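Everything numeric here is computed off the predicted structure, so don't read it as measured data. We name chains A, B, ... by the order of the sequence lines, and we start the count at 1 in each one.
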Amino acid sequence: MPELPEVEVTRRKIAPALVGRVIAVVRTTAPSYFFLTPPAVLKRQLKGRTVARLERLGKYLLATLDDGSRLLLHLGMTGQLFVQGSASLRLLSSTARASLKPEQQPAFKPDKHTHLRLSFRDGAAEVWFRDTRKFGKVKWLAPGERDARLAKLGPDALEVTGAEFHAAARRRRVPVKTLLLDQSVLAGVGNIYADEALFLTGVRPTLKASTLSGAQCDRLIANAQRVLRRSIATGGSSISDYVAPDGKDGAYQDERMVYDREGQPCKVCGAKIKRVVIGQRSAHYCPRCQR
DNA sequence: CGTTACACCTGAGGGC
DNA sequence: TGCCCTCAGGTGTAAC
């Protein structure tokens with residue numbers, strides 16, 4: 001589900017329900033891979049704290065608490081962070097309300113995949129974190145504590161320059177697609193937007209990164225930022241004004257040029273979209289538009 | 001160091 | 001209906 005646009009849309013949606021409120025109760029599922037910080041520690045550290053701000057770093061969300069500690073969240077492949085509870089409707093705009101998936105509706109009951117539930121002293125809306133595959137992560141950072149995952153992130157994808165990408169590309173023999181997915185080069189691009197950016201630039205995902213020119217890098221990064229911004233504006237790929245349990249009917253669905261369109265005609269030239277595997281991930285491209 | 005294969009986990013969908 | 005396979009918007013780690 002989540003690449004940069006989905007994480008940013010999530011941030012904007014839950015920030016009003018999180019920032020400025022005092023955490024009263026922390027409920028979790030049993031200790032697992034999901035909890036980089038054990039549930040017991042999480043409960044002890046979060047209770048009574050107030051969230052001062054919520055920011056996005058690449059695909060991570062970072063909540064800074066009033067004691068200077070921080071809560072690091074990652075949605076992995078299937079993570080969903082949402083506002084839940086009797087008063088949640090008051091905290092959401094009508095369009096945001098209409099976009100809720102069934103499991104995000106206020107009447108939804110926590111299930112075995114609902115790993116984290118924050119309730120607040122005011123008793124109003126809660127914030128829930130659900131993740132079926134548990135590739136998502138929750139980690140509490142003590143004041144001043146550094147984190148290796150954050151430390152290795154490159155510039156945010158919305159801010160990286162073509163020159164920075166070119167500098168990284170010159171000494172890499174991997175396919176350009178692999179480089180776009182490398183979070184230490186630029187943070188936030190995932191499988192969908194990498195394919196889309198490459199299509200818009202007319203570059204095959206298999207092209208060796210070191211062969212890209214500076215001008216090509218400039219255009220590639222500009223196109224990546226274009227699709228990321230456009231997706232944020234339309235509510236991300238899985239969260240849209242159209243309710244879709246399978247997460248495939250988001251607003252972005254209609255704008256996708258190549259991702260998950262294997263065998264379908266290219267919207268520009270009509271050629272059949274191809275799918276190849278690069279670095280154990282699928283990559284989609286138009287054999288005619290991308291040379 | 002860069003590159004690659006694989007591990008983590010659950011569920012959906014296709015073919016038989 | 002069940003079984004078995006493949007696939008999935010991510011990323012840390014071990015091994016060459």
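- At the heavy-atom level, Arg171(A) lies under 4.0 Å from the strands shown only through sugar-phosphate atoms.
- Distance NZ (Lys134(A)) to P (dA7(B)): 18 Å, rounded to an integer number of Å.
- Separating the CD atom of Gln280(A) from the C1' atom of dG9(C) is a distance of 17 Å, rounded to the nearest angstrom.
- Phosphate proximity of dA8(C) to Ser282(A): present, with a side-chain N or O under 4.0 Å from OP1 or OP2.
- Residue contacts shown for Gln183(A) are limited to sugar-phosphate atoms, with no base heavy atom under 4.0 Å away.
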Base-pair map of DNA chain B as dot-bracket, where | denotes pairing with a different strand and pairs are Watson-Crick or G-U under 3.5 Å: .|||||||.|||||||
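- Screening Thr37(A), Val25(A), Ile23(A), Val26(A) against Lys43(A) for a side-chain contact (heavy atoms from CB on, under 4.5 Å) leaves a single residue, Val26(A).
- When the P atom of dG11(B) is taken as reference, atom CZ of Arg130(A) falls 9 Å away, rounded to whole Å.
- Look at His113(A) and you won't find any side-chain N or O under 4.0 angstrom from OP1 or OP2 of dT10(B).
- Rounded to whole Å, the distance from CG on Leu57(A) to C1' on dT11(C) is 16 Å.
- In this structure, a donor-acceptor pair under 3.5 Å is absent between the side chains of Arg204(A) and Gln290(A).
- Backbone-only engagement by Lys59(A) is indicated by non-hydrogen atom pairs under 4.0 Å involving sugar-phosphate atoms exclusively.
- Closest approach of Asp218(A) to Ala163(A), counting heavy atoms only: OD1-N, 3.8 Å.
- When each of Val174(A) and Tyr33(A) is assigned the nucleotide of DNA chain B bearing its nearest heavy atom, the one mapping closer to the 5' terminus is Val174(A).
- Lys112(A) places its NZ atom 14 Å from the P atom of dC9(B), with the value rounded to the nearest Å.
- The aromatic ring of Phe135(A) stacks onto the base of dC8(B), its centre lying under 5.5 Å from the centre of the six-membered base ring with the two planes under 30° apart.
- Using a 4.0 Å heavy-atom criterion, one finds that Ser32(A) contacts no nucleic acid atom at all.
- A side-chain hydrogen bond (donor to acceptor under 3.5 Å, both in side chains) with Asn191(A) is found for one member of Glu3(A), Lys177(A), His284(A) and no other, namely Lys177(A).
- Under 4.0 angstrom from either OP1 or OP2 of dT11(C) there lies no side-chain N or O belonging to Arg149(A).
- When distances are taken from the side chain of Arg133(A) to each of dT10(B), dG12(C), dT3(B), the shortest belongs to dT10(B).
- Distance CD (Glu262(A)) to C1' (dA8(C)): 14 Å, rounded to an integer number of Å.
- Between Arg281(A) and dG9(C) there is a side-chain polar atom (N or O) within less than 4.0 angstrom of OP1 or OP2.
- At the heavy-atom level, Tyr259(A) lies under 4.0 Å from the strands shown only through sugar-phosphate atoms.
- Between Leu61(A) atom CG and dG10(C) atom C1' the separation is 14 Å, expressed in whole Å.
- Residues Met257(A) and Leu198(A) are members of one and the same hydrophobic cluster, defined by side-chain heavy-atom contacts under 4.5 angstrom among Ile, Leu, Val, Met, Phe, Trp and Tyr.
- Here the C1' atom of nucleotide dT11(C) and the CZ atom of Phe34(A) are 15 Å apart, to the nearest Å.
- Smallest separation of non-hydrogen atoms from Pro155(A) and Glu164(A): CG-OE1, 4.0 Å.
- Ile232(A) and Val227(A) fall within a single hydrophobic cluster, where Ile, Leu, Val, Met, Phe, Trp and Tyr side chains are chained together by heavy-atom contacts under 4.5 Å.
- Between Phe34(A) and Phe129(A), a ring centre-to-centre spacing shorter than 6.0 Å is recorded.
- With P as the reference atom, dC6(B) and dT6(C) are 14 Å apart, rounded to whole Å.
- Between the C1' atoms of dT3(B) and dG9(C), the separation comes to 24 Å (whole Å).
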